[in-house]
Amino acid sequence: MTSHRLSRADLAGPADRVAPLLLGAVLESGGPQRSSGSVAVRITEVEAYGGVGVDPASHAHRGRTNRNATMFGEPGHLYVYFVYGMHWCANVVCGEASEASAVLLRAGEVLWGKEVARERRGGPRPDRELARGPANLAVALGITGDDSGLDLMGDGSEIRLRPRQAGAAAPDEIACGPRVGIRHAADRPWRWWIAGDPTVSRHPGVRIDRPR
DNA sequence: GCGACGATCTCA
DNA sequence: GAGATCGTCGCC
């Protein structure tokens, strides 16, 4: 246990180095800690996305646009984008400002605020599924496009990022593999997750589709 | 201005 | 295996 806040400097490294550091970190949304309405998620699965020109799978690959503008800003800010006409996905901006890299938060374990999260997910659901998958994680935390650009490192921020506790998610418990759902640079092993954690969205080689 | 497609999820 | 559903971006 530590009161050390994850610093902006910690996030200023390259996405593929920052990403595994975020495993075990806690993202909290809403009012004061553990007050009603507040939801906290321990991050269990992430993906790194590089910046301009270096990562064909990244939104920033072709340069700055209106949508990805937040990625070009300070590390430690929240980048939220809309996909498939219905889902929001949350990222932590990292790297040096203007580098435009980010870490997609793919899954987490809801630590508190489970009932709020369950309501937002729209009905009865096992705890481990409350924030499993990037779109579901955003729903559980109540994150939408309105939150894009928020400073996650600010004490008074609506959404806050806290470092993982000492000892949690030790390196030998971290697994990595290819990113999910992308076409370009699909072989780059830039997805990290906490090995064996039931809240991770997909495990390699494990079929999660229901059998027909 | 238009059209194709996507860092997904759910149900069958 | 496919549908839901719409903002974004590249290209005409």
Side-chain angles (χ1 to χ4, degrees), chain A residues 11 14-16 18-20 22-23 27 41 43-73 75 77-95 99-108 110 117-149 152 175-193 198-204 206-212:
Chain A
L11 298 173
D16 57 318
V18 173
L22 291 180
L23 292 175
L27 194 63
V41 165
I43 298 163
T44 58
E45 182 188 351
V46 294
E47 283 177 359
Y49 285 88
V52 187
V54 301
D55 182 5
S58 171
H59 289 165
H61 182 237
R62 292 171 176 274
R64 183 181 184 129
T65 66
N66 213 34
R67 172 173 73 155
N68 66 22
T70 301
M71 292 181 76
F72 287 77
H77 285 237
L78 182 67
Y79 166 55
V80 184
Y81 67 89
F82 191 61
V83 272
Y84 298 113
M86 59 194 87
H87 297 305
W88 296 104
C89 295
N91 300 251
V92 178
V93 175
C94 63
E99 205 173 288
S101 51
V103 176
L104 171 67
L105 307 179
R106 286 199 51 92
V110 177
R118 214 182 311 277
E119 261 178 55
R120 288 174 173 158
R121 289 298 314 284
R125 217 166 227 105
D127 286 358
R128 68 178 178 282
E129 292 182 12
L130 290 176
R132 186 166 72 184
N136 291 333
L137 180 144
V139 169
L141 286 163
I143 293 174
T144 70
D146 289 343
D147 302 310
S148 199
L152 298 172
C176 83
R179 294 173 289 184
V180 174
I182 55 168
R183 306 163 59 90
H184 302 293
D187 55 328
R188 207 175 284 192
W190 275 13
R191 170 178 174 248
W192 289 263
W193 65 94
T199 67
V200 170
S201 69
R202 302 189 199 181
H203 290 275
V206 176
R207 186 193 171 84
I208 62 168
D209 301 9
R210 269 200 233 159
R212 264 162 306 154

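Everything quoted here is computed from the prediction, not taken from an experiment.
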Does Leu104(A) reach a base, just sugar-phosphate, or nothing at all? Heavy atoms under 4.0 Å.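 Here Leu104(A) touches the bases of the nucleic acid.
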
What contact category does Asn91(A) fall into here, base, sugar-phosphate, or nothing, at under 4.0 angstrom with non-hydrogen atoms?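 Result for Asn91(A) = base.
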
Taking the side chain as C-beta and beyond, is there a heavy-atom pair between Trp193(A) and Arg106(A) under 4.5 Å?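 Sidechains of Arg106(A) and Trp193(A): no contact.
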
Side chains of Leu104(A) and Tyr81(A) in contact at under 4.5 Å (non-hydrogen atoms):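 In short, these two side chains touch, coming nearer than 4.5 Å.
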
From [atom1] of [X] over to [atom2] of [N], roughly how many Å is that when rounded to an integer?
{"X": "Arg121(A)", "N": "dC9(B)", "atom1": "CZ", "atom2": "P", "answer": "8 Å"}
{"X": "Leu105(A)", "N": "dA7(B)", "atom1": "CG", "atom2": "C1'", "answer": "12 Å"}
{"X": "Arg202(A)", "N": "dA7(B)", "atom1": "CZ", "atom2": "C1'", "answer": "11 Å"}
{"X": "Glu129(A)", "N": "dC9(B)", "atom1": "CD", "atom2": "C1'", "answer": "12 Å"}
{"X": "Met86(A)", "N": "dA2(C)", "atom1": "CE", "atom2": "P", "answer": "16 Å"}
{"X": "Met71(A)", "N": "dA7(B)", "atom1": "CE", "atom2": "P", "answer": "11 Å"}

In terms of side-chain heavy atoms of [X], which of [options] is nearest?
{"X": "Ala135(A)", "options": "dC9(B), dC9(C), dT10(B)", "answer": "dC9(B)"}
{"X": "Tyr79(A)", "options": "dA7(B), dT10(B), dT8(B)", "answer": "dA7(B)"}
{"X": "Phe82(A)", "options": "dG7(C), dT8(B), dT5(C)", "answer": "dG7(C)"}
{"X": "Arg67(A)", "options": "dA7(B), dC9(C), dT10(B)", "answer": "dC9(C)"}
{"X": "Arg125(A)", "options": "dT8(B), dT10(B), dG10(C)", "answer": "dT10(B)"}

Quick check: any donor-acceptor pair below 3.5 Å linking the side-chain of Tyr81(A) to the base of dA7(B)?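 Indeed there is one.
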
Passing option when Thr199(A) is tested against Glu45(A), Arg128(A), Glu129(A) for side chain to side chain contact (heavy atoms under 4.5 Å, CB included):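 When side chain to side chain contact (heavy atoms under 4.5 Å, CB included) is applied between Thr199(A) and each of Glu45(A), Arg128(A), Glu129(A), only Arg128(A) qualifies.
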
Under the criterion side chain to side chain contact (heavy atoms under 4.5 Å, CB included), which of Leu22(A), Val103(A), Asp16(A) is the partner of Trp192(A)?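 The single option meeting the side chain to side chain contact (heavy atoms under 4.5 Å, CB included) with Trp192(A) is Asp16(A).
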
Between Arg120(A) and Ala140(A), is there a donor-acceptor pair closer than 3.5 Å when you use the side chain of the first and the backbone of the second?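 Judged by distance alone, yes, a pair lies under 3.5 Å.
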
Backbone N/O of Val180(A) and side chain of Glu47(A): donor-acceptor pair under 3.5 Å: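 Checked: pair present.
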
Any side-chain N or O of [X] less than 4.0 Å from the OP1 or OP2 oxygen of [N]?
{"X": "Arg64(A)", "N": "dT8(C)", "answer": "no"}
{"X": "Asn136(A)", "N": "dT10(B)", "answer": "yes"}
{"X": "His59(A)", "N": "dA7(B)", "answer": "yes"}
{"X": "Arg106(A)", "N": "dT8(B)", "answer": "yes"}

On a whole-Å scale, what distance lies between the P atoms belonging to dT5(C) and dC2(B)?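 Going atom to atom, P in each nucleotide, I get 23 Å.
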
Identify whether a stacking contact exists between Tyr49(A) and dA7(B), where the ring centres must be under 5.5 Å apart and the planes under 30° apart.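 Tyr49(A) vs dA7(B): stacking yes.
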
Partner nucleotide, any strand, of dA7(B) [Watson-Crick/G-U, under 3.5 Å]: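 Across any shown strand, dA7(B) pairs with none.
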
